[in-house]
Amino acid sequence: MAMALRTAVAAAAAPRGFRRLFSTTVTPPFNPPSASVAAQQREKAEPSTNLFVSGLSKRTTTEKLHEAFSQFGEVVHAKVVTDRVSGYSKGFGFVRYATLEDAAKGIEGMDGKFLDGWVIFAEYARPRQPPTPPENNMYPPYGHQ
DNA sequence: AGTGAGCGT
């Protein structure tokens, strides 16, 4: 009985080692851009009229942001993100141009430039979160089925 | 906070 058991254990362990040998010969599948949403969030967003501006001075206001980016196109909306309770700037903001061409010129003209003594970064903003959460909160979370 | 990478009350 003891020998049969040891044989069974050895037979079960062997195939795992072979699988590793064969797995190295498998060609890795191509990874489309839509493979991982989380990884895509770390990459630069595709061209948009909306711009994400970071590296701002804490003293830079929405008006200053609007007027600085207006030199390179028609700004339809600009906003410095501030803390709701303290009211202080978080050091970044958003600028929306009227057209994609203006947005491109805005990046070319403002990215890496100085604003209020700080080097700012202008890039295309990522699409925002779903603005309309579905009505699926009527029932308590983690509740039983 | 005097904060210093980030994606919005």
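These figures come from a predicted structure and were not determined experimentally. Numbered from 1 within each chain, the chains take letters A, B, ... in sequence-line order.
Across the interface with DNA chain B, nearest-nucleotide mapping of A:Ser57 and A:Lys79 shows A:Ser57 to be the residue nearer the 5′ end. Toward the 5′ end of DNA chain B lies the nearest nucleotide of A:Lys58, the other residue of the pair A:Lys58 and A:His77 mapping further downstream.
Atoms CH2 (A:Trp118) and P (B:dG4) sit 9 Å apart, rounded to a whole Å. Counting to the nearest Å, the C1' atom of B:dG8 and the CG atom of A:Leu65 are 13 Å from each other. What separates OH of A:Tyr88 from C1' of B:dG4 is a distance of 17 Å, to the nearest Å. Note: CD (A:Glu123) to P (B:dC7) measures 9 Å, nearest angstrom. Distance, A:Phe121 CZ to B:dG6 P: 10 Å, rounded to whole Å.
Around atom CD of A:Glu74, no more than 12 heavy atoms belonging to other residues, nucleotides or ligands sit under 6.0 Å away. Within a 6.0 Å radius of CD in A:Glu123, more than 12 heavy atoms belonging to other residues, nucleotides or ligands are found.
Between B:dC7, B:dG4, B:dG6, one nucleotide has an atom nearer to the side chain of A:Ala125 than all others, and that is B:dC7. Taking every side-chain heavy atom of A:Asn50 into account, B:dG8 is the closest of B:dC7, B:dG8, B:dA5. With distances taken from any side-chain atom of A:Val81 to the nucleotides B:dG8, B:dC7, B:dG4, the minimum falls on B:dG8. With distances taken from any side-chain atom of A:Arg126 to the nucleotides B:dC7, B:dG6, B:dT3, the minimum falls on B:dC7. Of the candidate nucleotides B:dC7, B:dG8, B:dG4, B:dC7 has the atom nearest to the side chain of A:Phe52.
Base engagement by A:Tyr124 is indicated by at least one non-hydrogen atom pair under 4.0 Å involving a base atom. Residue contacts shown for A:Leu56 include a base, since a base heavy atom lies under 4.0 Å away.
By the side chain to side chain contact (heavy atoms under 4.5 Å, CB included) test, A:Thr62 pairs with A:Val80, sequence neighbours left out. Remark: A:Ala104 engages A:Tyr124 in a side chain to side chain contact (heavy atoms under 4.5 Å, CB included) (not counting sequence neighbours).
For B:dG8, its base never sits under 3.5 Å from the side chain of A:Asp83 at any donor and acceptor pair.
The closest donor-acceptor contact from the side chain of A:Gln71 to the backbone of A:Ala68 lies under 3.5 Å.
Residue A:Arg128 places none of its side-chain N or O atoms closer than 4.0 Å to OP1 or OP2 of B:dG8.
Note on A:Phe72: it clusters hydrophobically with A:Phe69, by side-chain heavy-atom contacts below 4.5 Å among ILVMFWY residues.
Shown for residues 92-110 of chain A: residues whose heavy atoms fall under 4.0 angstrom of DNA chain B, namely A:Phe92, A:Phe94.
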Q.
Before you tell me yes or no, could you show the steps for A:Phe121 and A:Val53 under side chain to side chain contact (heavy atoms under 4.5 Å, CB included), namely the whole-Å CA-CA distance, both residues' side-chain angles and the distance that decides it to 0.1 Å?
A. CA-CA 5 Å; A:Phe121 300 96; A:Val53 186; over 6 Å; no

